[in-house]
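Let me begin by presenting the structure, written as structure tokens, before commenting on it.
Values below: every heavy atom of this structure, side chains too, minus hydrogens, waters and symmetry copies.
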Amino acid sequence: MEAIYLAIPLAPLFGAIAAGLFGKKIGRAGAHWVTILGVAVAFLLSVYVAYDVMGNGNSYNGTVYTWAVIADIRFEIGFMLDNLSTMMMLVVTFVSLMVHIYTIGYMHEDPGYQRFFSYISLFTFSMLMLVMSNNFLQLFFGWEAVGLVSYLLIGFWFKKDTAIYANMKAFLVNRVGDFGFLLGIAAVLLYCETLDYVQVFARIPQLSGANDFKVFEDTKWHIPTVIAILLFIGAMGKSAQVPLHVWLPDSMEGPTPISALIHAATMVTAGIFMVARMSPIFELSDTALNLILIIGATTAFFMGLIGIVQNDIKRVVAYSTLSQLGYMTVALGASAYSAGVFHLMTHAFFKALLFLAAGSVIIAMHHEQDIRKMGGLKKYMPITYWTSLIGSLALIGFPGFSGFFSKDLIIEAVHESHLWAAGYAYTLVLLGVFVTAFYSFRMFFLVFHGKERFDTHGHGHDDHGHHGHGDKPHESPWVVTVPLIALAIPSVFAGYLLDPMVVGSFFKNAIFVNDAAHGFDLGLKSWLSAHLAIEHMSAEYHGVMGFILHGLMAPPFWLAMAGLATAWFIYLKDDSLARWAYDKFRWLHTLLDRKYYLDDFNQNVFAKGSVSLGNGLWSFGERVMIDGFVVNGAAKAVGWFSGVMRHLQTGYLYHYAFSMVAGILLMLTWFLFF
């Protein structure tokens, strides 16, 4: 079995190396076949391992090799395979396989075809190393590797200035999160003296009462709280939570398959997975959980609002991703880790579906991305239309679709939580349901319904060398539509795994809540009431149909229907309400359109501030202090002193005799009087 575990990440790596280093020799077809084969092998082996782990209960935790030993601390590469990691492996490999197939159709004209396949296959390897890790060293390797590949893919069209700015922005913002993440790992190593998950989780409860973390001399902080918050800062960067979210919308400059693979389904969920994996640490700190609730709820609602005013089809879906990541984060804060990971899984399917459907529309529109220049595409693109409808219904949480189960679970879990930030979080995630339904179906109606607003007479041309021919839109080729259909199936049915995955004991040995019934009892009974959201919901669970019937009477359903109906009325019946709102609340539209001025703040304060600081250090520090004072100043001082001394060397004997007599008199005066 160890050979199979090793083959899962190495198969995509082999494909990436073959396509990347030998792309010209094996050609375009060879590049896509070798990478698709690698990812397909990884997917099939993941299915086999998942059957062994989930079906037979054979978990695995072992070391592949030891990288370094320093004193008694071992730095190792190893795998931990339990229900959580195998579920992630299935999601990563399945979505990646669909994206690989889809890419054949989407990138077929691109000159960087082989390079693209190499990158996405390398990403799959990196993500698998991350989710399969059994220690913080390998976790950090996978964490940085997916960040590197993300950088390469966002700037894939490197001749576009906007793509280069976007990938540099993603790189810099993630460095902020990764700095916190690295400090968190360092704190784990400092206090637990190991990076192995199992050993860390065994030792961390002993620090639950320790307030020995010194930041300043007179301050001592709770050690698990500091570790949890530092690790979460890493998750904020990778999973794009406020205020480290600003890179994700700009990452849409990369090709659409990347938007689906990295920025919807897998990489951005790495932070969610990490916090769920670290649940034994986070459960020791209510402070950290409250912070997570606040950050997640703020992201879920306020990023969703920005999606309402976006007109680029990919950016609407990007802000939707930000909002949904906020929902997952809220679940983590409410100790409903299983609900958060469940939403991670369902969201991966329907959001990848929505991105790939958006790409299908972009192909049909000759790479036009403005939804105001579309309309009436339903009759031209029936497969894309119906799969988009499935994805949109799953996204808004329509009863029976996968998103309904996971999103309603999160909202109910937050409602059940007794943490002090839960009230704020519950209000925002509830309001976010209306917002999600409104922007989702605003886009859906503008793209597929109403009058046709596209030009069928001109010739389109975009920045990537793609040409439009002025013909009517038509359905995309099978390499595009087959992945859409394949992703639409779990977008409907994945939610029915609710029973074993959340209310059952599926994650019993992988996710630990501060509750003896779920296999983890820290002996801190006073905290239990705040952490039993899923426990209470499980007690009231009466089957899938009962859950659906309950959902039909709950506020989220009616808010979603209100959002859908509002979008239908404004964008298909009468847009006078939208014009009135724009006139009356233009300041709000401007605020949302400028993304709460956060980009301006980052640009003017951080970016220009850094440049100004650098210029100041150069002009004052380099020119005045170092060159002027230290280097040239020393030379000038020597020159001045030499000039003064030169006047004392006259060459006249009586001058020297006078100097000697004066010196002797001064010495006698000093000895006599002092």
Side-chain angles (χ1 to χ4, degrees), residues 143-144 146-148 150-158 160-183 229-230 232-254 258-259 262-264 267-268 270-271 291-292 294-312 314-326 329 428 587-618:
W143 194 269
E144 292 303 308
V146 292
L148 167 67
S150 176
Y151 170 82
L152 294 171
L153 285 163
I154 295 169
F156 182 79
W157 287 316
F158 52 83
K160 284 177 63 184
D161 287 343
T162 51
I164 296 303
Y165 293 143
N167 76 345
M168 183 55 69
K169 186 176 183 179
F171 182 81
L172 292 175
V173 172
N174 272 282
R175 295 291 69 71
V176 177
D178 291 353
F179 181 63
F181 188 56
L182 194 55
L183 287 176
I229 290 175
L230 287 172
F232 180 65
I233 290 171
M236 285 169 63
K238 195 67 74 188
S239 292
Q241 297 298 293
V242 171
L244 301 181
H245 68 282
V246 292
W247 65 271
L248 194 141
D250 288 3
S251 72
M252 297 302 106
E253 292 295 334
I258 287 321
S259 304
I262 290 185
H263 306 122
M267 189 195 86
V268 289
L291 174 68
I292 294 170
I294 293 168
I295 295 289
T298 303
T299 306
F301 179 69
F302 290 102
M303 293 304 106
L305 286 177
I306 298 179
I308 294 173
V309 301
Q310 296 297 309
N311 295 310
D312 183 309
K314 284 173 67 178
R315 283 182 180 266
V316 176
V317 189
Y319 279 102
S320 163
T321 300
L322 280 175
S323 181
Q324 296 307 304
L325 287 166
T329 304
L428 289 192
W587 62 270
L588 180 60
H589 184 278
T590 304
L591 180 69
L592 296 175
D593 195 44
R594 298 298 294 272
K595 307 162 193 170
Y596 307 115
Y597 294 96
L598 281 169
D599 278 342
D600 301 84
F601 178 79
N602 290 332
Q603 180 74 19
N604 295 321
V605 175
F606 288 113
K608 290 184 178 177
S610 300
V611 172
S612 300
L613 178 64
N615 286 333
L617 290 172
W618 169 73

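- Remark: His245 NE2 to Leu325 CG distance equals 12.0 Å, nearest 0.5 Å.
- In terms of heavy atoms, Ile233 sits closest to Val176 at CG2-O, 4.2 Å.
- The side-chain heavy atoms of Phe158 and Asn167, taken from C-beta on, include no pair separated by under 4.5 Å.
- Side chains of Arg315 and Asp250 form a contact here, defined as non-hydrogen atoms less than 4.5 Å apart.
- Among residues two or more places apart in sequence or in another chain, the salt bridge (Lys or Arg N to Asp or Glu O under 4.0 Å) test is passed with Arg175 by Glu144, Asp178.
- Side-chain atoms of Ser320 do not come within 3.5 Å of backbone N or O of Val316 as any donor-acceptor pair.
- Two residues are said to be in side-chain contact when any heavy atoms from C-beta on lie closer than 4.5 Å; Ile295 and Phe232 meet this criterion.
- Contacts of Asp599 classified as salt bridge (Lys or Arg N to Asp or Glu O under 4.0 Å), with partners at least two apart in sequence or in another chain: Lys169, Lys595.
- Looking only at distances, no side-chain donor or acceptor of Ser259 sits under 3.5 Å from a matching main-chain atom of Met252.
- Between the OG1 atom in Thr298 and the CG atom in Leu428 there is a gap of 6.0 Å [rounded to 0.5 Å].
- Judged purely by atom type and a 3.5 angstrom limit, Lys238 has no side-chain atom pairing as donor or acceptor with the backbone of Gly177.
- Atoms CE and CH2, on Met168 and Trp247 in that order, are 15.0 Å from each other to the nearest 0.5 Å.
- In this structure, Tyr597 places its OH atom where more than 12 heavy-atom neighbours from other residues, nucleotides or ligands lie under 6.0 Å away.
- Judged by distance alone, the side chain of Asp593 and the main-chain N or O of His589 form no donor-acceptor pair under 3.5 Å.
- Interatomic distance, CG of Leu592 versus CD of Gln310, reported as 9.0 Å (0.5 Å rounding).
- Contact of the Asp600 side chain with the Arg594 side chain is registered, since non-hydrogen atoms from C-beta on lie closer than 4.5 Å.
- Between Tyr596 and Phe302, the two ring planes are perpendicular [angle over 60°; tilted spans 30° to 60°].
- The distance from atom CH2 of Trp143 to atom CE of Met267, rounded to the nearest 0.5 Å, is 9.0 Å.
- Among all heavy-atom pairs drawn from Pro249 and Leu322, the shortest one is CG-CD1, 3.9 Å.
- The CG atom of Asn174 sits 9.5 Å away from atom CG of Leu248, with the distance rounded to the nearest 0.5 Å.
- When every heavy atom of Ser323 is checked against every heavy atom of Met303, the shortest pair comes out as N-CB, 4.4 Å.
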